[in-house]
Amino acid sequence: MPTFTVFKGSKDGVVRQATTTKPDELKGDNVLVRITASGLCGTDLHYTHADMVLGHEGVGVIERVGPAVRSLKAGDRVGWGYEVDSCGACADCLSGAETFCPERALYGEANLDQGSFASHAIWREAFLHSIPDDMPDEHAAPLQCGGATIFTALLGVAPGETVGIMGVGGLGHIAIQFAAKMGCRVVVFSGTDSKREQALNLGAHEFIATKGATELGTRSLLNRLLVTTSAQPAWDLILPVMAPRSVIYPLSVSDKPFEMPYMPLIFKGIRVQGSMVATRNVHRRMLEFAAFHGIKPIVEKYPMTEDGIKGALERLAEGKVVFRAVMMN
């Protein structure tokens, strides 16, 4: 029976090396992946005190495949994200919305004995995504959750629309690139001017520092706003620059209540849209789009060891990572 190295959270919040053992025979469309890289996502911080293997932005090379695998083969590079299984038979699955399947297998809820902070993992072929040949592992890894989340919130956007992005961090710097390549006018909001040059270099057309501002004065009203910060923005400043029938996407993870002034939503018909992780179809479109347009997350690389993961988690918790941390095997 194969045994591989994994890195788990613990009650005291310290990540520790452990092992996972799986049956030697791969059944159905199961695939054994040797992990080469894993992104570190803000969601991972919420599970460092849990007895589970961490990581859900995995990239690796297939070593063996099960008897029902149809298209992947040993040697192929693949990635996976927040969802790794669903029933395949419910209305949501049949309509291509498997992220809302009542039997979905999500990070932190299922498969707690394996993840992307590891040497290997076994997943279904149906939930693995081929990595484009010209996309390095360290760039592909953060796209498996962060990139997929951003791409989902931008689905259906039209060239020429104005997209606001709140925050220039792990999600925000990817959002700027995607929105700009989609032909949108990109307006970036950040607390200070410290990231102005970076945002403009990534493709932003307008940068607004919000600290101390009494009004934002954008050149055009926002059709969409992607909130990538953990703290909620000052809605009294944001809502006046939202266009009628615009949409706000809160994309970060928080256990605090979401609060917003009531009347501006009614008078402008503004919608606040929750957004789950990408479906498989959207995930694969995202990878193709990123490869075609040369979209590359800015990353810091760390070794896939206890010390490497500890260092990356500490920098992430302190807000010092520029812009995504990637564990490398």
Do [X] and [Y] come within less than 4.5 Å of each other through their side chains, counting heavy atoms only?
{"X": "Y302", "Y": "D307", "result": "no"}
{"X": "V65", "Y": "L26", "result": "no"}
{"X": "E125", "Y": "S71", "result": "yes"}
{"X": "P233", "Y": "F189", "result": "no"}
{"X": "M304", "Y": "I35", "result": "yes"}
{"X": "L221", "Y": "S246", "result": "no"}
{"X": "L226", "Y": "Y249", "result": "yes"}
{"X": "T149", "Y": "I174", "result": "no"}

Classify the angle between the aromatic ring planes of F178 and F289 as parallel (below 30°), tilted (30 to 60°) or perpendicular (above 60°).
tilted
Over 60° means perpendicular and under 30° means parallel, so tell me whether Y107 and Y47 are parallel, tilted or perpendicular.
perpendicular
Are W235 and F258 an aromatic pair by the rule of ring centers under 6.0 Å?
yes
Neighbour count >12 (heavy atoms, 6.0 Å) for atom [atom1], [X]:
{"X": "K181", "atom1": "NZ", "result": "no"}
{"X": "K310", "atom1": "NZ", "result": "no"}
{"X": "D133", "atom1": "CG", "result": "no"}

Under-4.0 Å salt bridge between R104 and E83:
no
What is the distance from atom CD1 of I176 to atom CZ of F323, rounded to the nearest 0.5 Å?
7.5 Å
Does W123 form a side chain to side chain contact (heavy atoms under 4.5 Å, CB included) with V31? I'd like the steps, not just the answer.
CA-CA 5 Å; W123 305 115; V31 173; 5.9 Å; no
Is there a donor-acceptor pair closer than 3.5 Å between any side-chain N or O of E138 and the backbone N or O of V326?
no
Side-chain donor/acceptor of Q177 to backbone N/O of K296, under 3.5 Å:
yes
Side-chain heavy atoms under 4.5 angstrom apart, residues restricted to Ile, Leu, Val, Met, Phe, Trp, Tyr: same cluster for F292 and L143?
no
Are I295 and M135 joined in one hydrophobic group, where the rule is that I, L, V, M, F, W and Y side chains link up if heavy atoms are under 4.5 Å apart?
yes
What closest approach, in Å, do V53 and K8 show between heavy atoms, and which atom pair accounts for it?
CG2-CG, 3.8 Å
Of the non-hydrogen atoms in V168 and S190, which two are nearest, and what is the gap between them?
CG2-CB, 4.3 Å
Pick out which of E300, E57, H173 makes a side-chain hydrogen bond (donor to acceptor under 3.5 Å, both in side chains) with R324.
E57
Consider only side-chain N and O atoms of S220 and T162, and report whether a donor and an acceptor are under 3.5 Å apart.
yes
